Amino acid sequence: MDSTAQGGKAYGILKAQQEEKLRSINEAFLSDPQYAEEEDLASKLEVFRKKYMEFDLNDKGDIDMMGLKRMLEKLGLAKTHLELKKMMSEVVGGTSKETINYTDFLNMMLGKRNAILKLILMFEGKGKEPEQKDVGPPSRKTFSDLP
């Protein structure tokens with residue numbers, strides 16, 4: 001990283017480096033024969049990369065406990081500390097790691113295991129119905145419309 005960069009510029013450089021690292025991992029998954037049968041893999045990996053970067057709060061390339069907590073709260077699914085630990089251990093394969101790296105995240109999202117976190121992320125947008133908003137001025141009321 002450029003040692004003279006400060007503040008927002010340093011942050012931008014850090015994010016660009018992180019994004020490049022995640023793209024190289026995506027390239028490795030695209031060339032992996034294990035996922036050759038996966039339908040529309042390139043676009044899925046791009047969506048997963050954006051989602052992963054959104055919740056990487058420590059900017060170290062890993063989702064930690066607080067990033068996972070924020071992700072689930074944003075989806076309206078607040079969890080206890082123990083539930084978060086269980087989810088993390090499920091994603092990283094039972095080890096006692098404190099973070100989810102991008103490779104573990106992709107293995108969870110593309111793998112056959114149905115981790116709780118995978119199910120939550122897959123159906124986050126499907127459960128929410130868009131609200132119908134009236135466009136324009138409200139319709140005129142008559143006396144017969146009153147209760």
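Any value given below was found using the heavy atoms of this structure, including those in side chains, with hydrogens, waters and symmetry copies removed. Here the structure is a predicted model, which means the values were calculated and not measured.
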Query raised in the report: Just by modelled atom types, is the T80 backbone N or O under 3.5 Å from a matching donor or acceptor in the E83 side chain?
Result: yes
Report task. Find the distance between NZ (K15) and CG (L22) and round it off to the nearest 0.5 Å. Result -> 9.0 Å
**Report entry** Sidechain N-carboxylate O distance under 4.0 Å for E27, R23
**Finding:** no
Query raised in the report: If every non-hydrogen atom of L68 is compared with every non-hydrogen atom of M88, which pair is closest and at what distance?
Result: CD2-CG, 3.5 Å
Query - Donor on one side chain, acceptor on other, D62 and Y102, under 3.5 Å - result: no
Query raised in the report: What do the steps show when you test H81 against M65 for side chain to side chain contact (heavy atoms under 4.5 Å, CB included), and what is the final call?
Result: CA-CA 8 Å; H81 188 74; M65 189 75 70; 4.0 Å; yes
Query raised in the report: Quick one: are I63 and T99 in side-chain contact, heavy atoms under 4.5 Å?
Result: no
Query raised in the report: Given the rule in the side chain to side chain contact (heavy atoms under 4.5 Å, CB included) test, do I25 and L45 qualify, once you have shown the distances and angles that lead to the verdict?
Result: CA-CA 10 Å; I25 294 171; L45 289 173; over 6 Å; no
Query raised in the report: Who pairs with F29 by ring-ring contact (aromatic ring centres under 6.0 Å, His included), at least two apart in sequence or on another chain?
Result: Y35
Report task. Just jot down the side-chain hydrogen bond (donor to acceptor under 3.5 Å, both in side chains) partners of S43, sequence neighbours excluded, or say none. Result -> D40
Query raised in the report: Below 4.5 Å, heavy atoms only, C-beta onward: do M66 and R70 meet side chain to side chain?
Result: no
Query raised in the report: Are E19 and R49 ion-paired here, with the side-chain N under 4.0 Å from a carboxylate O?
Result: yes
Requested in this report: Please answer whether the main-chain N or O of T103 pairs with a side-chain N or O of N107 as donor and acceptor at a distance below 3.5 Å.
Outcome: yes
Report task. Enter the distance from D32:CG to N26:CG here, rounded to the nearest 0.5 Å. Result -> 12.0 Å
Requested in this report: Please indicate whether K85 has more than 12 foreign heavy atoms, meaning atoms of other residues, nucleotides or ligands, lying under 6.0 Å from its NZ.
Outcome: no
